[in-house]
Structures are given as C-alpha cells and as structure tokens.
Amino acid sequence: MDSVSNEEKLQQIAKIRQQLSQIKDVDILLENILSAARSIVNADAGSIYEYDEAQNRLRIRYSQNNTLLKKLAPGEKLPYTSYSFSATNGSISGYCALNKASVNIPDVYNMEKYLDEEKTQPRPYNFNRENDLKNGYHTKSVLSIPLIMTNGKVLGVIQIINALDDYGEVIPFGKDAEFYVSYFAANVIQVYEYAYVTKQLIERLVKMANYRDPRETGAHVERVSCFALEIYDRYAVNKQIPEIVRNKFRDNLKLAAKCHDLGKVGVPDKILKKAGKLDEGERSVMEGHTCVGAQIFTPYENDLDLMARDVCLHHHARWDGGERGYPGKFNYEEYQPESELPKDREPISGEEIPLAARIVSLADVYDALRHRRCYKDPWTLDDTINEIRSEAGKQFDPDVVNAFLQVIDRLEAINNDIS
C-alpha cells in the first residue's frame with residue numbers, strides 16, 4: 001500500500017475516533033468500535049468481548065455479520081447473543097486477552113499449519129466451529145486485538161472475521177490490516193475509558209437508589225435500559241428517523257433509562273418499604289419520586305441530563321392523559337421531597353410526553369409484568385403481550401407498542417439473559 005493510501009487510512013481512523021468520542025454509553029460505544037474496526041479493513045463479520053479480570057471471564061457483547069444480515073428483512077436484527085466463558089489459552093479470544101497479544105489466522109479450519117512465534121509448535125488455541133454450524137456460516141480469516149487501558153488492564157477483545165477483497169472474496173488479514181486495527185484500538189481506548197467511568201458513575205447512582213428500595217434491583221435497571229434501546233431501534237426504523245439523529249438519541253437513551261427511578265431516594269422508608277397497600281396520601285408522596293429524579297438532573301448541562309430529566313419526570317405519564325398518569329404539568333422544581341403532589345395538576349398526554357419517557361414507560365411495565373414482585377407472581381409472555389397491546393392508545397403510545405411487538409423475541413432473549 002502506497003504512502004498516500006496509508007495517510008488516508010490514518011486520517012480515516014482519526015476521524016472515526018473523533019466520532020466515537022461523542023458516545024457516552026459503553027454498550028453503544030462497543031457496538032460502534034466493532035463496526036468501525038470492521039470498516040477499516042473491510043471485514044464481513046466480528047464480535048467484541050468484555051474481559052472481567054477478577055472472574056477471568058470473557059463475555060461477548062456484540063456480534064455482527066453482514067452475510068447473515070442480508071438474509072433478513074429491512075430493519076430486522078440478528079438474534080440477540082450474549083454469553084460468557086472462562087478465558088483460557090485454548091480459545092483465540094482468551095489467548096488474546098491473557099497474553100495481551102494480537103492473533104492473526106489466515107484460515108481457522110487449517111490451524112495446524114500455523115506455528116507459534118518461535119515457529120516450533122502449533123498455537124495453543126483452537127477454533128470452535130459451533131456457531132458456524134448453527135448459522136450456516138464459514139469463518140476463515142480471523143484477527144483478534146486486545147483492548148488495553150493505559151494502566152495495562154485488559155478491557156476486552158475485538159475479533160474481526162473474514163477480510164474481503166474488492167470482489168467480495170475472503171482473504172487473510174495482511175500485516176497492514178493488523179497494524180491499522182491495532183492502531184485503531186490504541187486510539188479509541190481513552191474514549192472507552194471515559195465511557196467506562198461514566199457507566200460506573202451511573203451504576204453507583206443506581207446502586208444508591210437500590211439500597212433505599214431493594215425491590216428495584218440492578219438487573220431490573222439493566223433490563224429496562226436494554227429493552228428501551230431495542231424498542232427505540234425498531235421505532236426509528238419504522239419512522240425512518242435519520243441515522244445521525246438515531247445514533248445520538250440511542251446513546252443517551254441507554255444511560256437515561258437506567259436513571260428512571262433514581263428519585264426514590266427522596267421517598268421516606270415508611271412508604272417506600274411498606275408491605276401493604278398505600279393510602280391516597282402515601283401514594284401521592286411515592287409519585288413524587290418522579291419530581292425528585294428530575295431535580296437530580298436540573299439544571300441540565302447536556303443532552304443526556306435533559307433526557308434523564310425527562311425520563312425521570314414523565315415515565316409514569318399516560319398517552320391518553322388519564323388521571324392515573326403522573327405527575328402532570330406543574331413546576332417540579334418547587335416540589336419538596338416527602339410531600340404530596342399538588343392536586344390541581346393538568347395532565348400531560350400524547351406527544352407532549354417526551355419520546356424517551358414513552359419508551360421507558362413501556363419497557364418498565366414489561367419488565368415489571370414478566371418478573372416476580374412481592375405482591376404478584378410473574379406474568380406469562382402471552383398475558384404480558386395481551387395487556388400491553390390492550391393499553392395501546394391508553395397508557396402507551398401506539399407506535400411504541402407496535403415497535404415493542406416487532407422486537408419481542410429479542411426482548412425475551414435479553415430478559416432470559418439478565419437476571
């Protein structure tokens with residue numbers, strides 16, 4: 001490759017890094033890091049893993065495959081995939097993480113051809129053909145690169161699959177490709193670290209709220225966040241929302257959804273932890289958690305703060321403006337924690353309710369119905385779907401319900417994965 005092409009490729013990487021630096025959520029960032037790494041070297045497929053050093057486990061976070069994606073209808077996604085496994089030298093990604101070393105294999109089905117660095121014995125890892133057999137895919141060339149923080153800690157592994165030439169034929173990843181992906185990984189790690197810190201901050205806020213209300217677990221918050229993202233992705237396809245708008249919104253939504261019940265820190269224990277039914281006054285105090293949550297993000301400094309405020313404040317509003325929705329229209333900044341909401345409030349309805357809050361509202365109810373609570377057993381999937389469908393145009397935005405129904409298989413896969 002000539003020097004001009006090299007310079008252009010490095011400029012491309014610098015531009016991608018700048019775009020990625022705008023992303024706040026770790027999960028969205030990982031998804032985009034994988035997409036970018038594949039685009040840099042024209043790879044057909046790939047996966048990105050998170051590495052838990054304390055547990056010595058790798059967890060696959062995102063998988064992408066253009067060949068399989070082309071077989072789906074527009075707007076559909078590949079089946080949700082998430083699993084973890086022990087990191088050992090016996091797997092390609094495990095070897096990569098444990099040894100902080102890149103792995104470049106021209107043909108994984110003929111691994112015996114490739115010796116270790118000293119060219120004295122076969123590599124210690126093997127290729128697991130299980131996913132190829134299940135999906136009807138043929139993996140050939142594989143390039144795995146570790147994501148290493150500035151302090152030396154391994155955060156994860158990028159594994160990209162099947163480099164393609166200009167004619168769409170599978171070729172090995174050359175030395176240039178290995179250099180570019182390694183250079184890219186080194187350049188995005190600071191972006192990853194920043195998003196990682198942001199994630200930890202949000203999770204600590206959520207944990208603080210969970211200490212007050214142990215019924216609202218961290219798993220519930222994570223599920224609602226993932227559900228909201230899947231519903232929005234389908235909603236955005238249905239509404240033909242431009243990609244640049246979609247990407248920014250979904251990044252903020254993933255984090256904002258986790259904050260939906262932070263305001264419960266302002267509800268007194270005698271109400272928050274009451275075993276029996278709340279009376280009218282107690283219920284009004286409980287409903288005030290929406291205002292407390294909004295106050296946490298007021299004044300807002302950026303788009304994420306604004307969306308988190310909207311989600312906290314309005315995720316219990318009803319599409320039809322019914323009286324069971326709250327808190328409605330009033331100056332939430334004047335609300336005093338542990339007090340009842342004012343009684344002369346006007347309802348908020350329809351598209352007055354911010355889109356993020358409409359989506360989180362449905363995601364929250366779906367999770368509540370599908371899981372055991374102190375006052376009820378989990379609902380079946382059929383009963384849950386029938387209930388949510390019946391509330392379209394009443395409690396929920398009909399277009400959000402439609403998107404929900406289109407992605408229910410993915411939501412159930414997430415529901416089964418995060419517990």
Side-chain angles (χ1 to χ4, degrees), residues 205 209 213 216 221 224-225 228 231-232 235 239 241 245 248-249 252-253 255-268 271-272 278-366 368 388 390-404:
L205 287 171
D213 184 7
E216 299 294 333
V221 170
V224 169
S225 175
I231 294 167
Y232 174 72
Y235 177 95
K239 294 291 188 178
I241 295 174
V245 176
K248 185 175 182 180
F249 189 96
N252 288 327
L253 179 63
L255 289 171
K258 294 181 180 182
C259 303
H260 67 279
D261 273 341
L262 285 184
K264 287 186 176 179
V265 298
V267 179
I271 294 176
L272 193 62
L278 300 179
D279 63 32
E280 184 178 349
E282 290 170 333
R283 190 182 310 112
S284 183
V285 173
M286 175 68 87
E287 292 174 353
H289 82 272
T290 54
C291 302
V292 176
Q295 289 171 0
I296 291 172
F297 294 99
T298 303
Y300 59 87
E301 301 292 336
N302 50 49
D303 291 340
L304 173 58
D305 285 352
L306 177 58
M307 185 180 288
R309 185 204 71 174
D310 288 345
V311 166
C312 288
L313 188 61
H314 295 302
H315 72 282
H316 286 290
R318 289 179 59 91
W319 176 259
D320 62 5
E323 61 181 15
R324 285 180 295 169
Y326 59 88
K329 299 177 184 177
F330 81 106
N331 188 349
Y332 70 90
E333 293 184 62
E334 295 180 353
Y335 174 77
Q336 295 298 314
E338 303 191 16
S339 66
E340 295 182 29
L341 292 171
K343 298 187 183 299
D344 56 343
R345 292 168 284 129
E346 291 184 37
I348 185 173
S349 63
E351 293 187 357
E352 291 180 295
I353 307 167
L355 175 60
R358 284 181 261 152
I359 291 171
V360 171
S361 173
L362 194 154
D364 189 30
V365 169
Y366 166 68
I388 290 174
S390 73
E391 287 295 323
K394 301 174 186 176
Q395 183 173 359
F396 305 122
D397 176 348
D399 290 334
V400 173
V401 172
N402 183 46
F404 161 82

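Position 1 is the first residue of the sequence, and the numbers go up from there.
- Looking at residues two or more places apart in sequence or on another chain, you find a ring pair (Phe, Tyr, Trp, His ring centres under 6.0 Å) between Phe404 and Tyr366.
- Counting heavy atoms from C-beta on, the side chains of Val360 and Leu253 come closer than 4.5 Å.
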Using a 3.5 Å cut-off and no angle test, enumerate the donor-acceptor pairs between side-chain atoms of residues 345-356 and protein atoms at least two apart in sequence or in another chain.
{"unit_1": "Arg345", "atom_1": "NE", "unit_2": "Pro342", "atom_2": "O", "d": "2.4"}
{"unit_1": "Arg345", "atom_1": "NH1", "unit_2": "Pro327", "atom_2": "O", "d": "2.6"}
{"unit_1": "Glu352", "atom_1": "OE1", "unit_2": "Ser349", "atom_2": "N", "d": "3.2"}
{"unit_1": "Glu352", "atom_1": "OE2", "unit_2": "Lys329", "atom_2": "NZ", "d": "2.8"}

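- Every residue was checked against the salt bridge (charged side-chain N to carboxylate O under 4.0 Å, His left out) condition with Arg309, not counting sequence neighbours, and none meets it.
- Within the 4.5 Å cutoff, the side chain of Lys264 has heavy atoms near those of the Leu272 side chain.
- Checking side-chain atoms of His315 against main-chain N and O of Cys312 turns up a donor-acceptor pair under 3.5 Å.
- Put simply, the side chain of Tyr326 does not reach to within 4.5 Å of the side chain of Ser284, judged on heavy atoms.
- Between Ala209 and Asp261, the shortest heavy-atom distance links the atoms CB-O, 4.4 Å.
- A pairwise comparison of heavy atoms in His289 and Val267 identifies CB-CG2, 3.8 Å as the closest pair.
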Item to complete: Verify side-chain contact (heavy atoms from CB on, under 4.5 Å) between Cys291 and Leu341, making sure each step is shown before the conclusion.
Response: CA-CA 9 Å; Cys291 302; Leu341 292 171; 3.8 Å; yes
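- Between Tyr335 and Val285, the closest heavy-atom pair is OH-O, 3.7 Å.
- Using a 4.5 Å heavy-atom cutoff, the side chains of Thr298 and Tyr332 are in contact.
- Checked by atom type, the side-chain pair His316/Asp364 shows no donor-acceptor distance below 3.5 Å.
- Within 6.0 Å of OH in Tyr300 there are 12 or fewer heavy atoms belonging to other residues, nucleotides or ligands.
- Inter-residue side-chain proximity for Glu287 and Arg283 is flagged as met; some heavy-atom pair is nearer than 4.5 Å.
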